[in-house]
Amino acid sequence: MRYVVIGASAAGINGAKRLRELDPKAEIVLISKDDAIYSRCILHHYIAKHRSLEQLRFVAPRFIEEHQITWLKGEEVIKLDAQAKVIATKSNKTLSFDKLLIAAGGHVRFPDIPHLKEATNAIGLHSLSDCAAIIDAAKRAKSIVIMGAGLVGIDAVTAFLPQINKKNITLVELKPHLLAMQLDARAASVYEKAFADAGVKQIYDVKIDSLTVNARNKIKKIQLSNGEILPCDLLVVASGTAANVGFLAGSGLKVDKFGLVIDKYGQTSHPDIFGAGDITGLHPIWPVAVKEGIIAASNMFGVCKELDHFFISKSTMNFMDIPTMSLGTPNIENCEVLIDEDSKGNYKKIVHKDGKIVGAILQGNLDYSGVLTQLIANKIDVSKVKKPIFKINYADFFKQTKDLEFIYKLD
Ligand SMILES: Cc1cc2nc3c(=O)[nH]c(=O)nc-3n(C[C@H](O)[C@H](O)[C@H](O)COP(=O)(O)OP(=O)(O)OC[C@H]3O[C@@H](n4cnc5c(N)ncnc54)[C@H](O)[C@@H]3O)c2cc1C
């Protein structure tokens, strides 16, 4: 049996590891455009020089050898023939497979702003090579602009904080506050103040209207929709990602507007081809990619596993040493909202509908996150618990049977 895995990141590495655990004798070939295994979530620490390349790796140094994986690194897959079960790479290699896991992730999506795609100093933050380009461009830059205040944009801002006394760092965002997917205005304002105090200029509720570029395609100025003009020597693009499905054109696999289509088993429209992670374009976060990689690999081997989608909307962050957790959909409308806050800056918000918690934000003290996670994940009807929602503990909904098994049960 030959398993081929495309992608050596969260989904691909965890998929390959699971395949080896299940099938000690099979041949496993891993192919990746990247020639290193690293976590994208901590790339900003590399730019800030808080971590070395070595410290970005999320597997043991001898992971590949120990798992007897053949790793074709620095190889880009450019074509897949699903019917013939063959892939082709940019360096003219072809490889057949019995089962294939596609975990090729995504890339930064550059919005349609004239000159943006060709500009030599507009760089997305996604890979190690992006980091090298950003570090190099930042050396000569006086004014750095970050487009997008989502998790990646805020990572980019923190990456430049060590240089804040020497450079102008400006964050521009379309939405009225930062981390608009994860936080409400109240929780976001705590981060906005901390960044402002550190010297970061932030402009919300604006879009980039146009760019002034020089003869060498270098952005010099940015015109915003509020009329403001920003000087710019480096633009970090963090306004969203798109799935890497280009090489699947003509493959015969089903792809939709988000990315590769998979079912709850990770299976694509071909029975021997599976997909996992950001390639689906649906939930581009690390824990989902890990889980999907493991589930797809299990099903490739024949151990039936289904994806439970709880991890989809759980984000934990600690920017500026302020811990925050966002669960579910905390900004959803037409729900009841409960807030608990104290003078020390601890903030809890729970959003619920028909007895079920649909979203929550915790900032400062995250002690309640374990209970909340269980309440949301197990869809516990909190209206049946006869105490205030912020005082619920495990004992209120977690019971032990006489066989000492834990079950979810309300009295
Ligand atoms: C800067 C940044 C910060 C982030 N921070 C967080 C965070 O704090 N928390 C969180 O949960 N998530 C975070 N994410 C998202 C998270 O990193 C992704 O969800 C996760 O990396 C997805 O893993 P993946 O394996 O699906 O794909 P990717 O990590 O994108 O890896 C894709 C792999 O496929 C390879 N590849 C791509 N195309 C080809 C091809 N044609 N041929 C061969 N190989 C190919 C690549 O070389 C790579 O090895 C962040 C992402 C970025 C960019």
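Both counts, for ligands and for their atoms, begin at 1 and track the order of listing.
- In this model, no donor atom of one side chain and acceptor atom of the other lie less than 3.5 Å apart for Ser32 and Asp34.
- With sequence neighbours left out, the salt bridge (charged side-chain N to carboxylate O under 4.0 Å, His left out) criterion links Asp130 to no other residue.
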For the pair Tyr347 and Leu362, evaluate side chain to side chain contact (heavy atoms under 4.5 Å, CB included) and give the outcome as yes or no after the intermediate values. CA-CA 6 Å; Tyr347 174 65; Leu362 298 177; over 6 Å; no

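- The two residues Ala180 and Asn331 have their closest heavy-atom pair at O-ND2, 3.1 Å.
- No side-chain donor-acceptor contact under 3.5 Å links Gln223 and Thr212.
- Checked against a 6.0 Å centroid threshold, the rings of Trp71 and Phe63 do not count as neighbours.
- Residues lining ligand 1 at a heavy-atom distance below 4.0 Å are given as Ile6, Gly7, Ala8, Ser9, Ala10, Ala11, Ile31, Ser32, Lys33, Asp34, Arg40, Cys41, Glu75, Glu76, Val77, Ala103, Ala104, Gly105, Gly106, Leu125, His126, Val152, Asp155, Asn244, Phe247, Gly277, Asp278, Pro284, Ile285, Trp286, Pro287, Ala289, ordered by chain and residue number.
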